[in-house]
Trainee: 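Quick one: the structure is below, questions incoming.
Proteins get letters first, then strands, A, B, ... in listed order; numbering begins at 1 in each. The structure presented is a predicted model; accordingly, all values stated were derived computationally and were not measured.
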4 protein chains.
Amino acid sequence: MTDQLSVTTSAEKVPSDVAGSSSGRPLRADAKRNYERLLAAARVVFAEHGGGASMEAIAKQAGVGVGTLYRHFPKRIDVVEAVYHEDVDELVAAAERFVAELEPWPALVAWLEAFVRYARSKRTFLSELHEAFEKNPELRITARERIEGALSVVFDRARAAGEVRSDLDGIDLMQLLGSMCMSATLTSEQSARLLLVIEDGLRPPE
Amino acid sequence: MTDQLSVTTSAEKVPSDVAGSSSGRPLRADAKRNYERLLAAARVVFAEHGGGASMEAIAKQAGVGVGTLYRHFPKRIDVVEAVYHEDVDELVAAAERFVAELEPWPALVAWLEAFVRYARSKRTFLSELHEAFEKNPELRITARERIEGALSVVFDRARAAGEVRSDLDGIDLMQLLGSMCMSATLTSEQSARLLLVIEDGLRPPE
Amino acid sequence: MTDQLSVTTSAEKVPSDVAGSSSGRPLRADAKRNYERLLAAARVVFAEHGGGASMEAIAKQAGVGVGTLYRHFPKRIDVVEAVYHEDVDELVAAAERFVAELEPWPALVAWLEAFVRYARSKRTFLSELHEAFEKNPELRITARERIEGALSVVFDRARAAGEVRSDLDGIDLMQLLGSMCMSATLTSEQSARLLLVIEDGLRPPE
Amino acid sequence: MTDQLSVTTSAEKVPSDVAGSSSGRPLRADAKRNYERLLAAARVVFAEHGGGASMEAIAKQAGVGVGTLYRHFPKRIDVVEAVYHEDVDELVAAAERFVAELEPWPALVAWLEAFVRYARSKRTFLSELHEAFEKNPELRITARERIEGALSVVFDRARAAGEVRSDLDGIDLMQLLGSMCMSATLTSEQSARLLLVIEDGLRPPE
DNA sequence: TATGAATGAGTGTTCATTCAT
DNA sequence: TATGAATGAACACTCATTCAT
C-alpha cells in the first residue's frame, strides 16, 4: 500500500539547478536560497498580518528588496499560490514520511495533526486563495487530488490494519476536519482538543 | 420555552435616544433609517465585492455621502462589526420567531437553514472579522453565547419533543455546520445538499 | 462669415455649477478652482519635464494632494487628454476672438501664432497623445474638425478680403505649420522666424 | 562629386582598438558583433514598444544579458544616442551609395525615401532624443551638419544636372520633409503619398 | 568577460479618513 | 447635519542600474 505513493514534492517547482556541485555553474545557489527564504517569509508574514499582508512586508521579512520578491513571484497572487502549493507538498510529503516511519495508527494520527496545521494555515489567506482558485481552477482540483491521495495512503493503511472503524470514509473525515479548522472562532487549543475527540471516534468499536 | 429567550435585538445598538431636544423624535427617524440603510448596503456590497469593499462603495450603495457613513461608523471596522452583530441578531430573532410559529422539528430545520446563511455570510469577510475580534474580543464571546442561546432554544425544544436523537449535542452540531460553510471550496448548492444529509442524521433512530 | 462660428469652448467640460452665486449651493467653488489649477499645473510640468512627468509632480505643482488630482482625472491619460482638449479649445476660442476684434489679415497672423504655440505644446507629449488617440480615436477626429473649423473662419475671411493668395488651401497651410513645429530640432526662435517667412508667402502676388 | 563626401561612418564609435594585447583582434570581433547586435535590437524594440522600452527588453531581443548591454552602453541614454547616431550614419552612407550607383535624379529620390524612414524612426523616441540633446547639445548640431552635408551631395548634384528646379533650397526641403514625418497623425501610407507629391514638385518647370 | 540576480527609488492608483462647505 | 472634496499613506508593480558569480 505504501508503494501506491506516486506523489511528488514540489521541489521541482523551484527553478531547479539542483545538481550543480563542481562542474559547470554553481550560479543559482543564492537564487534558490532566496526563493525558499521568500516562501518562508511569506508564510510568517501571512500568519502575522493575515493574507492581505503587503509585498514590501514579505520582502523585508525575507531580508531582500521588493525587486527580488517580484523576480521570483511576478504577481502577488503567485506568492499565495506558491505558499499554498508548498503547504500541499508538505502534507503529501508528510504522508510518505509517516507511512515509511510509523505504524499505521500513529502514522494516521500524525498526519491528521499535519492536516490540521495545513487547514489552519489556509484559513489565514482564505480570500486570497479564493482569488487564486478563480484565476487558476486547476490549482484547486490538483490540490484536492493530491491531498486525497495522501490521505488515502495513511487512512486506508490504518483501516486495512484494523485500526479504524470500517464504516468511515476518509474523504468525509478530511472534509470535516478541514472545515472545522476554518472557523474564525476556533483557537489553536480548541482544535487540538477536537482533534483528540475525532481520533477517539475513529477507533473501531472494541 | 419561548420565555427562555433572553436575547435582545440589536436595535439598541443604534445611537440611542440621546439628542431628543423637546418634542418627540422626528430627527431620530431619519438617523435610524440611515443606519439601517447603511447596514443593508454594506451587506450587499460585501456580498458583491468581498469583505475588502471600500467605504465609498458602501456609501454609494446606500445613496448617501461617505460623510454620513462615517457619522454612523467612525471606523471601517465598525461597519464590519455592526454587520456581524446584525447577522447574529437576525439569527437570534429567527430562533424566537420559529419557536413561536412552528412545530419543534420544522423550527429546528428552518433555523439550521438560517444558520447556514449566517455562516456563509461570515465567510465573506472572515479576515475583517478576525481583525474585529482582535480589537474587541468581547464581540466573539458575546456572539458565541448569543448564538448558542438561540440554538439551545430550538434544539433543546426539538430534542425534548423527541424529534432529535438524544445522544447529540447542539453545540457540536453547530460547530460542524458553521465550519462546513467556511470551506473555500463549498458552493451554495453543496451546502444545501449537505444540510439535508445532516438533517436526516439528526432524527432519532426509528 | 463670422457667424459661421458654432465652435464651443470646453468650459462646459468643467463640472459646471457655474451659475451658483447666491441661491442654492456655492458648493464646488474650490473644486472648479482645483480643476483649473490642476490643468495649469499639468501644462507647466509637461513643459518642464516632458509628457512623462509624474502625477505626483503635477499634484505638487498644483499645490494639492495626489488624491485630488485623481478625483478630477481618474487615469493619467485623462490629464493628457484634458490638457490637449483645452489646448484645442483655446485655439478655437482664439479664432473667435481674433475674428471679432481684428481685421482679417491681423486676425489670421495672430491665429497662426496661436497655432504655432499649440503645435509646440503638442510636441511635448507627443507619445502620450498617441496613446490617448489610440484609446479614444474620436478625440483625434473631433480635435481636427474643430481646429479646421477655427482655421477656416480666420483663413477664409482673410482670403475673401483679398489678403491671402487665392491659390492656397488653408488645411495644407496648417498641416505644414503643424508638422514644422514637431521637429525636435526646432527652437522657439526658429519657429518664430519661419512663421514670418510663411506669412510673407501667404500674401497675394502684388 | 562623390569626393565631396567627408562624412564618416560611425563604425569608429565602437570602443576602438584599445585592448588589443598581442596578436590580431579575435576578441574584438565578438565585442563589435555584440555592439551591432545590440543596436539592431534596440531599433527593433523601440519600433515595437516605443522609445520607452526597457533595457531588459533590448538585451533580451539581442540575446544577451543586461550586463552585456550595460558594458556597451553605461546609461540608457547612450543607447538612444547610439541608435540615433547610427541612423544618421546610415543616412549619410546612403547618400554616398546612391551617388555612386545611381543617376542624379533617382539618387535624390532614393535618398529622400531614406530620409523619410529616418525621420519616422526619430518620431518613435522623440522625447528620449530630446533628453539626449539636452545632455549633449553637440549631438544635435553634429547630426544636423552631417545630414545637411549628405543632402547637399545628392541635392546639389541633381540640381546641377538640371533635374531639380533651381529656385529651391535643399535645407528647406529637408526641414519640410522631416517635420512632415513628425506629425502624430501621419500614417506610413500617407507619408509615402506625400513624398510622391513633393517629388513631383521638385522637377523643374518643363 | 558575460550573465542575470538583486536592488530600491519611483510610478500609477486606491482608499480610509478628515474637514470645508 | 449631510455632503463629497481633499488628503496622503500605502500598495502593487516596474525598471535603470549595480554587483556577485
Trainee: OP1, OP2 of dA2(F) versus side-chain N and O of R71(B): anything below 4.0 Å?
Mentor: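 Indeed, a polar side-chain atom of R71(B) lies that close.
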
Trainee: R71(D): what forms a salt bridge (Lys or Arg N to Asp or Glu O under 4.0 Å) with it, not counting sequence neighbours?
Mentor: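 None.
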
Trainee: Taking only residues at least two apart or on different chains, which pairs with a member in residues 56-65 of chain C satisfy side chain to side chain donor-acceptor pair (under 3.5 Å)?
Mentor: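 Sorted result for residues 56-65 of chain C: empty, none.
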
Trainee: Using whole Å, report how far NZ of K60(C) lies from C1' of dA6(F).
Mentor: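 In whole Å, dA6(F) C1' and K60(C) NZ are 17 Å from each other.
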
Trainee: Between I77(C) and G67(A), which residue's closest nucleotide on DNA chain E lies nearer the 5′ terminus?
Mentor: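 Looking at the nearest nucleotide for each, G67(A) comes out on the 5' side.
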
Trainee: Let me have DNA chain F in dot-bracket notation, would you? Count Watson-Crick plus G-U wobble pairs, both distances under 3.5 Å, and use [ ] for pairs crossing earlier ones and | for inter-strand partners.
Mentor: .||||||||||||||||||||

Trainee: In whole Å, what is the span from the CD1 atom of I58(B) to the P atom of dA16(E)?
Mentor: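 Value for this atom pair: 8 Å.
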
Trainee: With respect to the side chain of V64(B), which nucleotide from dT3(F), dG4(E), dC13(F) is positioned closest?
Mentor: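 Closest nucleotide to the V64(B) side chain: dT3(F).
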
Trainee: Rounded to the Å, how far apart are L69(B) CG and dC19(E) P?
Mentor: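 Distance check: L69(B) CG to dC19(E) P gives 17 Å.
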
Trainee: When rounded to the nearest 0.5 angstrom, what is the spacing between CD1 in I58(C) and OG1 in T68(C)?
Mentor: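 Spacing of CD1 (I58(C)) from OG1 (T68(C)) equals 13.5 Å.
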
Trainee: Could you work out which one of dT14(E), dA12(F), dT17(F) sits closest to the side chain of K75(D)?
Mentor: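 Of the candidates, dT17(F) comes closest.
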
Trainee: If the cut-off is 4.0 Å, is T68(D) near the phosphate of dT3(E), judged by side-chain N/O to OP1 or OP2?
Mentor: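 So the side chain of T68(D) is within the cut-off, an N or O lying under 4.0 Å from OP1 or OP2 of dT3(E).
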
Trainee: Can you tell me the distance, in whole Å, between the NZ atom of K135(C) and the P atom of dG12(E)?
Mentor: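 Checked: the NZ to P distance equals 13 Å.
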
Trainee: Among pairs that include at least one residue of residues 40-62 of chain C, which meet ring-ring contact (aromatic ring centres under 6.0 Å, His included), considering only residues two or more places apart or in two chains?
Mentor: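 Found F46(C)-F125(C).
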
Trainee: So do H72(D) and L39(D) actually touch side chain to side chain, heavy atoms under 4.5 Å?
Mentor: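 No. Closest side-chain heavy atoms not under 4.5 Å.
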
Trainee: What residues, two or more places apart in sequence or in another chain, satisfy salt bridge (Lys or Arg N to Asp or Glu O under 4.0 Å) together with D87(C)?
Mentor: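 Per chain and number, D87(C) pairs via salt bridge (Lys or Arg N to Asp or Glu O under 4.0 Å) with R43(C).
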
Trainee: Is any side-chain N or O of H72(A) closer than 4.0 Å to OP1 or OP2 of dA6(E)?
Mentor: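 Result: yes.
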
Trainee: For A59(B), what residues pass the side-chain contact (heavy atoms from CB on, under 4.5 Å) criterion, not counting sequence neighbours?
Mentor: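 With neighbours one apart ignored, the set is V64(B), V66(B), L69(B).
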
Trainee: Only counting residues at least two apart or in another chain, list the ones meeting side-chain hydrogen bond (donor to acceptor under 3.5 Å, both in side chains) with D78(A).
Mentor: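 side-chain hydrogen bond (donor to acceptor under 3.5 Å, both in side chains) list for D78(A), sorted by chain: empty.
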
Trainee: Which residues pass the ring pair (Phe, Tyr, Trp, His ring centres under 6.0 Å) test with Y70(B), not counting sequence neighbours?
Mentor: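 Here no residue qualifies.
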
Trainee: Within residues 47-55 of chain C, find the residues that approach DNA chain E with a heavy atom at under 4.0 Å, and present them sorted by residue number.
Mentor: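 Residues of residues 47-55 of chain C that come under 4.0 Å of DNA chain E are, in numerical order, A53(C), S54(C), M55(C).
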
Trainee: If you pin G65(C) and P74(A) to their nearest nucleotides in DNA chain F, which one's is more 5'?
Mentor: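 Residue closer to the 5' terminus by nearest nucleotide: G65(C).
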
Trainee: Select one nucleotide: of dT14(F), dT13(E), dA6(F), the one nearest the side-chain heavy atoms of Y70(A).
Mentor: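 Per side-chain heavy atoms of Y70(A), the pick is dT14(F).
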
Trainee: Where the side chain of N34(B) is defined as all heavy atoms beyond and including C-beta, which of dA12(F), dT13(E), dA2(F) is the nearest nucleotide?
Mentor: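 For the N34(B) side chain, the nearest candidate turns out to be dA2(F).
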
Trainee: What is the distance, to the nearest angstrom, from the NZ atom on K32(C) to the C1' atom on dG4(F)?
Mentor: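 After rounding, the gap between these two atoms is 18 Å.
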
Trainee: Do R123(C) and H130(D) have side chains that get closer than 4.5 Å, going by heavy atoms?
Mentor: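 A side-chain contact under 4.5 Å exists here.
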
Trainee: Report the distance from atom CZ of R37(D) to atom P of dA2(E), rounded to the nearest whole Å.
Mentor: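 From R37(D) CZ to dA2(E) P: 11 Å.
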
Trainee: Quickly work out the L38(A) CG to dA5(E) P distance and round it to whole Å.
Mentor: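 Rounded to the whole Å, the gap is 13 Å.
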
Trainee: Without decimals, in angstroms, what is the distance between E56(B) CD and dT7(F) P?
Mentor: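 Those two atoms, CD and P, are 15 Å apart.
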
